[in-house]
Amino acid sequence: MRIGFVGLGRMGEGIARNLLKAGHDVLVWNRSADKADTLVADGATRAATPAEAARAEVIHTMLADDHAVAAVTFGPDGILSADPGIIHVSHSTISVKLAEGLTQAHRDHGGGFVSAPVFGRPAAAADAKLFIVAGGGAEALAKVRPLLDAIGQRTFEIGAEPSQANLVKLSGNFMIMSVIESLAEAMALAQRGGVDKATLLEVLTGTLFGAPIYNTYGGLLIGGEFRPAGFVAPLGLKDMNLVAEAAGTSGVPMPLLSLVRDRLTATIQREGADIDWSGIAKVVWADAGL
Ligand code: NAP
């Protein structure tokens, strides 16, 4: 299939490469053009604008935030300035509100919108091991399903309303942040009492906490190397702000959200914007005198 791909950052590069490997004809565009060089060398075609990348049946976007997705969709030379009829598959973690706006805009343009945010860090993106949460009309979902299968290990179809996929993704990221916070606090408690963090993690993951999230983030916390980041703390804070926006709209109190949001803010202030979001552990441990 002829597809466009916009956004070749930590996640997008691996996803686009897997679409290329699956035999698709891939048109790529990135704001910083040099990030497309290796994909072009490997067989992708460089597009000069997002609109040029949208001269295809389907266009994927994997961009930082709402602002970026809106810019490449609605802006000059944006996706919606191309010929009508394209299906836009959005993998970014964006707001429920923007997903609703994109759904309407693509419908008005004679095309379709599928929200397909992902779980998994850059290594999972490179290995086609992402978990994808997809929302969209049945026809559009059926058309893009082989593309989603090429980039992930499992796709969950949430329903016809694309923004519900974003709500699921935001709920998941709130849970991940809460797990990192609780793991870091438990490790501080153990360590202050003379128990090694690795010993605690071995017991936790070997008993009741054997889920991938405890293994992945427990390992990162024990390694203590929070740079280079797989997922930078400012994007994590962006997500917690999107959760707060959705909670406000729905009237759901989320006191734990306020705590982890403040923790991320403090981490960025103390450590800088290049730290991984799991780097909140450094602040937890510093507060405990470690
Ligand atoms: P990243 O490495 O920072 O890449 C961000 C991409 O967005 C780059 O291609 C960047 O272009 C582009 N961009 C930013 N602002 C733009 C603008 N105004 N106009 C056009 N392009 C713009 O981020 P990432 O880690 O790949 O994350 C991408 C998305 O996936 C985010 O929504 C994130 O929340 C989500 N996500 C990330 C992870 C993870 O572990 N990293 C996991 C799941 C979901 P330049 O190259 O020019 O800067």
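Ligands are counted one by one from 1 in listed order, and the atoms in each one are counted from 1 as well. What you see is a predicted model; the values in this text were computed from it and never measured.
In summary, the aromatic rings of Phe119 and Phe131 are positioned with their centroids too far apart to meet the 6.0 Å limit.
Summarising the hydrophobic clusters (Ile, Leu, Val, Met, Phe, Trp, Tyr; side-chain heavy atoms under 4.5 Å, direct or chained), the residues clustered with Met175 are none. Through direct or indirect side-chain contacts shorter than 4.5 Å among Ile, Leu, Val, Met, Phe, Trp and Tyr, Ile94 is connected to Val6, Trp29, Ile59, Leu63, Val69, Val72, Phe74, Ile79, Leu80, Ile86, Leu98, Leu102, Phe113.
For residues 236-248, the pairs satisfying side-chain hydrogen bond (donor to acceptor under 3.5 Å, both in side chains) are Asn173-Asp239, Asn241-Arg261, with sequence neighbours left out.
To the nearest 0.5 Å, atom NZ of residue Lys282 and atom CZ of residue Phe226 are 7.5 Å apart.
In this structure, a donor-acceptor pair under 3.5 Å is absent between the side chains of Asp34 and Ser32.
Residue-level contacts of ligand 1 at the 4.0 Å heavy-atom threshold are Gly7, Leu8, Gly9, Arg10, Met11, Asn30, Arg31, Ser32, Lys35, Met62, Leu63, Ala64, His67, Ala68, Val72, Ser92, Thr93, Val118, Gly120, Arg121, Pro122, Lys169, Gly230, Phe231, Leu235, Lys238, Asp239.
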